[in-house]
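Count residues from 1 along the sequence. Computed from a prediction, not measured in an experiment: that's the story for all the values here.
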Amino acid sequence: MDYSKVLRFLIIFMIISLTGLLVLVNFLSELAFEFYDIYPGESHGFINFISYPSIVYLFTIILGFKYLGTNNLEHINTLIIIFILFTVMRTYGILVDGLNISLFVIIAYPAEFLGAPVFYFIKKKIENSKNY
(Lines give C-alpha, C1' and ligand atoms only; values in the text may rest on other atoms or scores of the structure.)
Protein backbone atom coordinates (compact mmCIF):
# COMPACT_ATOMS: atom_id res chain seq x y z
CA MET A 1 0.00 0.00 0.00
CA ASP A 2 1.30 3.46 -0.87
CA TYR A 3 0.92 5.30 2.42
CA SER A 4 2.19 8.55 0.89
CA LYS A 5 -0.89 8.61 -1.34
CA VAL A 6 -3.15 7.73 1.60
CA LEU A 7 -1.65 10.59 3.60
CA ARG A 8 -2.07 13.02 0.69
CA PHE A 9 -5.72 11.95 0.37
CA LEU A 10 -6.30 12.48 4.12
CA ILE A 11 -4.63 15.90 3.98
CA ILE A 12 -6.78 16.96 1.02
CA PHE A 13 -9.91 15.70 2.81
CA MET A 14 -8.85 17.59 5.95
CA ILE A 15 -8.27 20.81 4.00
CA ILE A 16 -11.68 20.57 2.31
CA SER A 17 -13.45 19.77 5.59
CA LEU A 18 -11.75 22.57 7.52
CA THR A 19 -12.38 25.03 4.70
CA GLY A 20 -16.07 24.15 4.99
CA LEU A 21 -15.96 24.78 8.74
CA LEU A 22 -14.10 28.05 8.14
CA VAL A 23 -16.84 29.19 5.76
CA LEU A 24 -19.50 28.06 8.23
CA VAL A 25 -17.97 30.01 11.12
CA ASN A 26 -17.28 33.17 9.12
CA PHE A 27 -20.24 33.44 6.76
CA LEU A 28 -23.09 31.33 8.13
CA SER A 29 -23.01 32.43 11.75
CA GLU A 30 -26.56 31.48 12.72
CA LEU A 31 -26.07 27.97 11.37
CA ALA A 32 -22.64 27.82 13.04
CA PHE A 33 -24.10 28.82 16.43
CA GLU A 34 -26.58 25.98 16.13
CA PHE A 35 -23.99 23.48 14.87
CA TYR A 36 -21.47 24.27 17.61
CA ASP A 37 -24.20 24.80 20.21
CA ILE A 38 -22.65 28.15 21.14
CA TYR A 39 -24.39 31.46 21.57
CA PRO A 40 -21.79 34.19 22.08
CA GLY A 41 -22.44 37.15 24.35
CA GLU A 42 -23.28 40.67 23.25
CA SER A 43 -19.94 42.46 23.79
CA HIS A 44 -17.26 40.63 21.83
CA GLY A 45 -18.49 37.04 21.81
CA PHE A 46 -19.17 36.98 18.07
CA ILE A 47 -15.66 38.21 17.24
CA ASN A 48 -14.19 35.56 19.57
CA PHE A 49 -16.42 32.92 17.99
CA ILE A 50 -15.08 33.78 14.55
CA SER A 51 -11.45 34.36 15.57
CA TYR A 52 -10.48 31.32 17.60
CA PRO A 53 -11.92 28.52 15.46
CA SER A 54 -10.77 30.32 12.30
CA ILE A 55 -7.19 30.53 13.57
CA VAL A 56 -7.11 26.80 14.37
CA TYR A 57 -8.72 25.90 11.04
CA LEU A 58 -6.43 28.19 9.01
CA PHE A 59 -3.28 26.98 10.79
CA THR A 60 -4.25 23.37 10.16
CA ILE A 61 -5.15 24.09 6.51
CA ILE A 62 -1.80 25.83 6.01
CA LEU A 63 0.02 22.83 7.51
CA GLY A 64 -1.88 20.59 5.10
CA PHE A 65 -0.87 22.70 2.11
CA LYS A 66 2.73 22.85 3.35
CA TYR A 67 2.84 19.06 3.50
CA LEU A 68 1.26 18.73 0.04
CA GLY A 69 3.84 21.16 -1.36
CA THR A 70 6.91 19.67 0.30
CA ASN A 71 6.11 16.10 1.44
CA ASN A 72 7.96 17.08 4.63
CA LEU A 73 6.72 14.88 7.47
CA GLU A 74 7.58 17.59 10.02
CA HIS A 75 4.29 19.24 9.06
CA ILE A 76 2.54 15.98 9.94
CA ASN A 77 4.28 16.03 13.34
CA THR A 78 2.72 19.43 13.99
CA LEU A 79 -0.71 18.13 12.93
CA ILE A 80 -0.29 15.21 15.32
CA ILE A 81 0.42 17.64 18.16
CA ILE A 82 -2.69 19.66 17.29
CA PHE A 83 -4.83 16.51 17.31
CA ILE A 84 -3.33 15.39 20.63
CA LEU A 85 -4.20 18.77 22.14
CA PHE A 86 -7.75 18.52 20.80
CA THR A 87 -8.06 15.03 22.29
CA VAL A 88 -6.79 16.12 25.70
CA MET A 89 -9.05 19.17 25.87
CA ARG A 90 -12.07 17.32 24.45
CA THR A 91 -11.59 14.54 27.02
CA TYR A 92 -11.32 17.14 29.78
CA GLY A 93 -14.53 18.77 28.54
CA ILE A 94 -16.37 15.44 28.51
CA LEU A 95 -15.17 14.64 32.04
CA VAL A 96 -16.24 18.04 33.34
CA ASP A 97 -19.51 18.52 31.45
CA GLY A 98 -20.50 15.08 30.16
CA LEU A 99 -21.29 14.04 26.65
CA ASN A 100 -24.41 15.11 24.82
CA ILE A 101 -24.80 13.59 21.37
CA SER A 102 -25.38 16.09 18.58
CA LEU A 103 -24.47 16.45 14.90
CA PHE A 104 -21.28 18.25 15.94
CA VAL A 105 -20.25 15.40 18.26
CA ILE A 106 -20.90 12.81 15.55
CA ILE A 107 -18.83 14.71 12.98
CA ALA A 108 -16.05 16.29 15.04
CA TYR A 109 -15.21 13.91 17.87
CA PRO A 110 -14.17 10.90 15.76
CA ALA A 111 -11.86 13.11 13.68
CA GLU A 112 -10.38 14.75 16.76
CA PHE A 113 -9.83 11.50 18.67
CA LEU A 114 -8.57 9.47 15.69
CA GLY A 115 -6.52 12.22 14.02
CA ALA A 116 -3.30 11.78 16.00
CA PRO A 117 -3.14 7.96 15.90
CA VAL A 118 -4.07 7.78 12.20
CA PHE A 119 -1.55 10.44 11.13
CA TYR A 120 1.12 8.91 13.39
CA PHE A 121 0.52 5.41 11.97
CA ILE A 122 0.68 6.60 8.37
CA LYS A 123 3.74 8.76 9.07
CA LYS A 124 5.56 5.77 10.59
CA LYS A 125 4.63 3.57 7.61
CA ILE A 126 6.04 6.20 5.23
CA GLU A 127 9.23 6.53 7.29
CA ASN A 128 9.66 2.75 7.41
CA SER A 129 9.15 2.41 3.63
CA LYS A 130 11.90 5.02 3.02
CA ASN A 131 14.34 3.11 5.22
CA TYR A 132 14.30 0.04 2.95
Side-chain angles (χ1 to χ4, degrees):
M1 175 177 263
D2 188 352
Y3 286 99
S4 293
K5 288 183 181 178
V6 171
L7 183 56
R8 292 182 73 76
F9 172 77
L10 284 175
I11 293 295
I12 291 168
F13 180 75
M14 180 192 73
I15 289 170
I16 292 168
S17 300
L18 291 176
T19 301
L21 289 174
L22 188 65
V23 168
L24 177 73
V25 166
N26 285 279
F27 301 110
L28 304 167
S29 59
E30 288 300 319
L31 183 60
F33 295 154
E34 189 68 33
F35 179 70
Y36 287 99
D37 194 27
I38 296 176
Y39 293 91
E42 299 296 319
S43 301
H44 54 274
F46 181 68
I47 298 301
N48 285 340
F49 178 71
I50 288 176
S51 300
Y52 295 111
S54 294
I55 290 166
V56 172
Y57 298 153
L58 285 169
F59 183 65
T60 308
I61 289 167
I62 288 167
L63 285 171
F65 277 119
K66 286 181 116 179
Y67 173 75
L68 291 176
T70 64
N71 289 330
N72 185 343
L73 291 174
E74 287 302 313
H75 302 302
I76 301 304
N77 288 338
T78 307
L79 283 174
I80 291 168
I81 292 168
I82 290 171
F83 279 109
I84 289 170
L85 294 173
F86 265 108
T87 299
V88 168
M89 295 314 299
R90 195 61 79 186
T91 301
Y92 172 75
I94 291 169
L95 292 173
V96 169
D97 194 42
L99 179 64
N100 296 311
I101 303 301
S102 69
L103 181 60
F104 175 78
V105 170
I106 292 169
I107 292 173
Y109 285 26
E112 292 173 357
F113 281 97
L114 295 174
V118 167
F119 279 118
Y120 181 79
F121 173 80
I122 294 172
K123 179 183 151 285
K124 284 299 177 190
K125 288 291 191 181
I126 292 170
E127 288 173 341
N128 289 341
S129 71
K130 289 181 181 179
N131 290 336
Y132 290 109

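Every residue two or more places apart in sequence or in another chain that forms a side-chain hydrogen bond (donor to acceptor under 3.5 Å, both in side chains) with Tyr36 is listed here: Tyr57. Legend: residues meeting side chain to side chain contact (heavy atoms under 4.5 Å, CB included) with Ile12, ordered by chain and number and at least two apart, are Ile16, Leu68. Under the rule for a side-chain hydrogen bond (donor to acceptor under 3.5 Å, both in side chains), the partners of Glu74 that lie at least two apart in sequence or sit in another chain are Asn77. A search for side-chain hydrogen bond (donor to acceptor under 3.5 Å, both in side chains) contacts involving Lys124 returns Glu127, not counting sequence neighbours.
Residues Ile82 and Leu85 fail the side-chain proximity criterion, which asks for heavy atoms closer than 4.5 Å. Inter-residue side-chain proximity for Asn71 and Arg8 is flagged as met; some heavy-atom pair is nearer than 4.5 Å. Counting only heavy atoms from C-beta outward, the side chains of Phe113 and Val118 never approach each other to under 4.5 Å. You'll find the side chain of Leu7 reaches within 4.5 Å of the side chain of Tyr67, heavy atoms only. The closest side-chain heavy-atom distance from Ile122 to Leu10 is below 4.5 Å. When side chains are defined from C-beta on, Ile76 does not count as touching Tyr120, because their heavy atoms never get closer than 4.5 Å.
Once rounded to the nearest 0.5 Å, the distance linking CD1 of Ile94 with CE of Met89 reads 11.5 Å. Atoms OG1 and CZ, on Thr78 and Phe119 in that order, are 12.0 Å from each other to the nearest 0.5 Å. Considering OG1 of Thr91 and CZ of Phe86, their distance stands at 12.5 Å, rounded to 0.5 Å.
There is a path of hydrophobic side-chain contacts, each under 4.5 Å, that joins Leu114 to Tyr109. Hydrophobic cluster membership differs between Phe49 and Tyr52, with clusters built from Ile, Leu, Val, Met, Phe, Trp and Tyr side chains linked at under 4.5 angstrom. Under a hydrophobic-cluster definition in which Ile, Leu, Val, Met, Phe, Trp and Tyr are linked whenever side-chain heavy atoms come within less than 4.5 Å, directly or via other members, Ile81 and Ile55 are assigned to different clusters. In the hydrophobic clustering of this structure, Ile11 does not group with Ile62; members are Ile, Leu, Val, Met, Phe, Trp, Tyr whose side-chain heavy atoms approach within less than 4.5 Å, directly or through other members. In this structure, Phe121 is a member of the same hydrophobic cluster as Ile80, with clusters built from ILVMFWY side-chain heavy atoms closer than 4.5 Å.
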Taking it one step at a time, do Lys66 and Asn72 satisfy side chain to side chain contact (heavy atoms under 4.5 Å, CB included)? CA-CA 8 Å; Lys66 286 181 116 179; Asn72 185 343; over 6 Å; no
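Minimum heavy-atom separation, Pro53 to Asn48: CD-O, 3.8 Å. Counting all heavy atoms, side chain and backbone alike, Phe35 lies closest to Phe104 at O-CB, 3.2 Å.
Within 6.0 Å of atom NZ in Lys123, more than 12 heavy atoms from other residues, nucleotides or ligands are found, so the atom counts as buried in its surroundings. Heavy atoms of other residues, nucleotides or ligands lying less than 6.0 angstrom from CG of Asp2 number more than 12.
Using cut-offs of 30° and 60° for the angle between ring planes, the Phe13 and Phe9 rings count as parallel.
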What pairs of donor and acceptor atoms, side-chain ones from residues 23-33 against any protein atom, are under 3.5 angstrom apart with sequence neighbours left out?
unit_1	atom_1	unit_2	atom_2	d
Asn26	ND2	Leu22	O	2.9
Asn26	ND2	Ser54	OG	2.9

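When each of Leu79, Thr19, Ile61, Leu63 is tested with Met14 by the rule side-chain contact (heavy atoms from CB on, under 4.5 Å), just one qualifies, namely Leu79.
Every pair passing salt bridge (charged side-chain N to carboxylate O under 4.0 Å, His left out) that includes a residue from residues 96-112 is listed here, sequence neighbours excluded: Arg90-Glu112.
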